[in-house]
**Q** 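One structure coming up, written as structure tokens, with questions to follow.
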Amino acid sequence: MDLLELRDQLDVIDARIVELYEKRMEICGQVAAYKIETGKKVFDKQRETEKLAKVKSLTHTELNSQGIEELFEQIMSMSRKLQYKILAERGSIGKLPFIGVDKLETDKARVVFQGAEGAYSQAAMMQYFGNEVNSFHVDTFREAMSAIDEGSADFAVLPIENSTAGIVNEIYDLLQEYENYIVGEQIIRIEHCLLGVPGAKLSDIRTVYSHPQSLMQSSRFLANYDWQQISMQNNAFAAQKVAEEGLKTQAAIAGEHAGKVYGLEVLQKGINHSGTNSTRFIIVTNQKIFQKDAKKISICFEVPHESGSLYHMLSHFIYNNLNMTKIESRPMEGRNWEYRFFVDFEGNLADSAVKNALRGLRDEARNMKILGNY
């Protein structure tokens, strides 16, 4: 046979496959109706495992066995997604435990941020809540999460990602650990300044204090000087130290806001070598709420430690036409080489497509948690 004849035969087979696929999906719709009436779950892991073993046994080569397994994994995945869609259309998915609000109640809110007065977190807080916000600060991210968890603060402002340094790992872990939820975000431009006591000059400086990331981000500027570099817990603490000790030989790398708070002078502005350096801060509360005009959703989930498991989870976004904007992974404590995944995607918890995707993820993933809609 020539190539055209072979292709003609494949076309006939493909048409038959399409016909059988549509017939199969029609029956899957009937299965969904039965499950609605009986309250059975869509995802039946044992049934799917048995089905894969059976269809693989019908093949005659190892290569075909592997191919059939991949094919039927996809077919059964599409079947589940159809069933979730039918459940959503018939109102059988149930309500998500989040309440939509027109706006956040921030007028009399008490807000906590991590770091000292003058920290970038404070600047982000003031941009989001206003300069007259009722606030206090703590030393660690955990203390900030505990403050809203126990009710001593209504909101916390926490850095979650820097455009050059990447994610703040501890924040991701704390979001999974605490029953606190993201309700907003604030992005601020990071412009590091070299701050000294009044009257100090560049030629006076011998020692520079700052957070390790800020020292790294300003390394090109610092390379021009033979200064001792000392790491601090954060930039605001560095500025506070220089101000309290009052030595002209000491300087801090921090934001201009910190300089104003501690009465320091800007010796050099914009010393970080990236002009587009920005940090994204999240606004967190202990209430399961979201603004009705929210457009981004953050979730986390665990997957079985087996081939294709993450792919199947992410297919829920594809099937429901949801745009995934970010994915991160964090190792799971006490479980070597297993990971928890954090995903951001566009949508609102009131959207039917979002509800459909989250129902599928919740049924098929391990410990799926909605971190917030904002």
Side-chain angles (χ1 to χ4, degrees), residues 10 12-94 96 299-324 327 329 338-341 343 345 347 351-370:
L10 288 176
V12 172
I13 295 170
D14 290 344
R16 181 62 176 155
I17 290 174
V18 171
E19 179 186 346
L20 291 173
Y21 172 78
E22 291 190 326
K23 180 63 177 176
R24 191 182 199 283
M25 293 299 280
E26 181 183 335
I27 295 173
C28 287
Q30 298 174 32
V31 170
Y34 175 82
K35 288 181 177 179
I36 291 172
E37 293 177 4
T38 60
K40 289 177 67 67
K41 284 188 173 184
V42 169
F43 183 51
D44 186 339
K45 178 66 174 177
Q46 182 178 350
R47 161 69 179 166
E48 292 199 2
T49 301
E50 292 171 352
K51 181 70 175 179
L52 288 173
K54 183 175 181 179
V55 294
K56 286 172 65 177
S57 70
L58 299 176
T59 61
H60 298 88
T61 69
E62 182 62 30
L63 183 62
N64 284 347
S65 176
Q66 181 179 345
I68 282 294
E69 180 178 31
E70 292 179 10
L71 174 62
F72 271 83
E73 281 180 343
Q74 289 297 314
I75 289 174
M76 290 188 290
S77 175
M78 295 303 296
S79 168
R80 291 196 303 273
K81 293 176 178 67
L82 172 66
Q83 293 179 52
Y84 290 131
K85 184 175 185 293
I86 293 173
L87 262 66
E89 290 172 347
R90 300 192 185 183
S92 299
I93 280 186
L96 294 168
I299 64 172
C300 68
F301 57 83
E302 303 161 25
V303 297
H305 192 47
E306 56 190 46
S307 175
S309 57
L310 177 60
Y311 170 81
H312 291 306
M313 297 302 107
L314 298 183
S315 67
H316 288 283
F317 299 106
I318 300 171
Y319 181 83
N320 289 286
N321 198 30
L322 298 174
N323 183 32
M324 188 177 71
I327 182 169
S329 64
E338 294 193 43
Y339 298 86
R340 180 177 293 110
F341 293 91
V343 171
F345 64 98
D351 298 341
S352 58
V354 169
K355 292 179 181 179
N356 191 23
L358 291 176
R359 175 60 183 266
L361 286 162
R362 178 163 286 161
D363 281 358
E364 298 175 31
R366 292 177 180 170
N367 303 321
M368 196 277 282
K369 179 183 178 183
I370 299 172

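Here, residue 1 is the first one in the sequence, and each next residue gets the next number. Note that the structure is predicted; figures quoted are calculated from it, not measured.
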**Q** If you look at every heavy atom in G347 and V354, which pair is closest and at what distance?
**A** CA-CG2, 4.0 Å
**Q** Under the salt bridge (charged side-chain N to carboxylate O under 4.0 Å, His left out) test, which residues partner R47, sequence neighbours left out?
**A** none
**Q** Could you give me the CA-CA distance, side-chain angles and deciding distance for T49 and L52, then say whether side-chain contact (heavy atoms from CB on, under 4.5 Å) is met?
**A** CA-CA 5 Å; T49 301; L52 288 173; 5.9 Å; no
**Q** Side chains of S79 and Q83: any donor to acceptor distance under 3.5 Å?
**A**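 Yes.
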**Q** Just how far is it from atom CZ of R80 to atom CG of D44, taken to the nearest 0.5 Å?
**A**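 It is 10.5 Å, given to the nearest 0.5 Å.
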**Q** Of all residues at least two apart in sequence or in a different chain, which pass the salt bridge (charged side-chain N to carboxylate O under 4.0 Å, His left out) check with D363?
**A** R359
**Q** Taking atom CD of E302 and atom OG of S309, what is their separation to the nearest 0.5 Å?
**A**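 The distance works out to 11.5 Å.
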**Q** Can you tell me how far CD1 of I86 sits from CD of Q30, rounded to the nearest 0.5 angstrom?
**A**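 Atom-to-atom, Q30:CD and I86:CD1 are 9.5 Å apart.
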**Q** Would a 4.5 Å heavy-atom cut-off, applied to side chains only, mark L358 and Y84 as touching?
**A** no
**Q** Are Y311 and Q74 side-chain neighbours, meaning at least one heavy-atom pair lies under 4.5 Å?
**A** yes
**Q** Supply the atom-to-atom distance F43 CZ to R362 CZ, rounded to the nearest 0.5 angstrom.
**A** 15.5 Å
**Q** Enumerate the residue pairs fulfilling salt bridge (Lys or Arg N to Asp or Glu O under 4.0 Å) with a member in residues 59-71, sequence neighbours excluded, ordered by first and then second residue.
**A** K56-E69
**Q** Counting only heavy atoms not in N321, do more than 12 fall under 6.0 Å of its CG?
**A**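 Check fails, neighbour count at 12 or below.
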**Q** To the nearest 0.5 Å, what is the distance between CD1 (I68) and CD (E73)?
**A** 11.5 Å
**Q** With a 4.0 Å cut-off on N to O distance, would you call E19 and K23 a salt bridge?
**A** no
**Q** Looking only at heavy atoms, what is the nearest atom pair of L87 and A32, with distance?
**A** CD1-O, 4.2 Å
**Q** If every non-hydrogen atom of I370 is compared with every non-hydrogen atom of I299, which pair is closest and at what distance?
**A**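 What the structure gives for the nearest pair is CA-CG2, 4.1 Å.
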**Q** Among residues at least two apart in sequence or on other chains, which ones pass salt bridge (charged side-chain N to carboxylate O under 4.0 Å, His left out) with K45?
**A**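 For K45, the residues satisfying salt bridge (charged side-chain N to carboxylate O under 4.0 Å, His left out) (neighbours in sequence not counted) are E306.
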**Q** So how far is it from L58 CG to N64 CG, rounded to the nearest 0.5 Å?
**A**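 Reported to 0.5 Å precision, the distance equals 11.5 Å.
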**Q** So if I apply the side chain to side chain contact (heavy atoms under 4.5 Å, CB included) rule between F301 and each of R340, R366, M368, which one comes out positive?
**A**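 The option that passes is M368.
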**Q** Quick one, K54 with E50, criterion salt bridge (charged side-chain N to carboxylate O under 4.0 Å, His left out). Give me CA distance, side-chain angles, the key distance, then yes/no.
**A** CA-CA 6 Å; K54 183 175 181 179; E50 292 171 352; over 6 Å; no
**Q** Where is the tightest heavy-atom contact between M324 and F345, given as atom of each residue plus distance?
**A**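 Closest approach of M324 to F345: CA-CB, 3.8 Å.
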**Q** Which salt bridge (Lys or Arg N to Asp or Glu O under 4.0 Å) pairs, counting each pair once, include a residue from residues 24-35, with sequence neighbours left out?
**A**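 Salt bridge (Lys or Arg N to Asp or Glu O under 4.0 Å) check on residues 24-35 returns no pairs.
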**Q** What closest approach, in Å, do G29 and L82 show between heavy atoms, and which atom pair accounts for it?
**A**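 So the minimum-distance heavy-atom pair works out to N-CD2, 4.1 Å.
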**Q** For residues 312-320, run the donor-acceptor check on the side chains, cut-off 3.5 Å, and write out each pair with its distance to 0.1 Å, sequence neighbours left out.
**A**
{"unit_1": "S315", "atom_1": "OG", "unit_2": "K81", "atom_2": "NZ", "d": "2.8"}
{"unit_1": "S315", "atom_1": "OG", "unit_2": "H312", "atom_2": "O", "d": "2.6"}
{"unit_1": "H316", "atom_1": "NE2", "unit_2": "E364", "atom_2": "OE1", "d": "3.3"}
{"unit_1": "H316", "atom_1": "NE2", "unit_2": "E364", "atom_2": "OE2", "d": "3.4"}
{"unit_1": "N320", "atom_1": "OD1", "unit_2": "N356", "atom_2": "ND2", "d": "2.6"}
{"unit_1": "N320", "atom_1": "ND2", "unit_2": "H316", "atom_2": "O", "d": "2.8"}

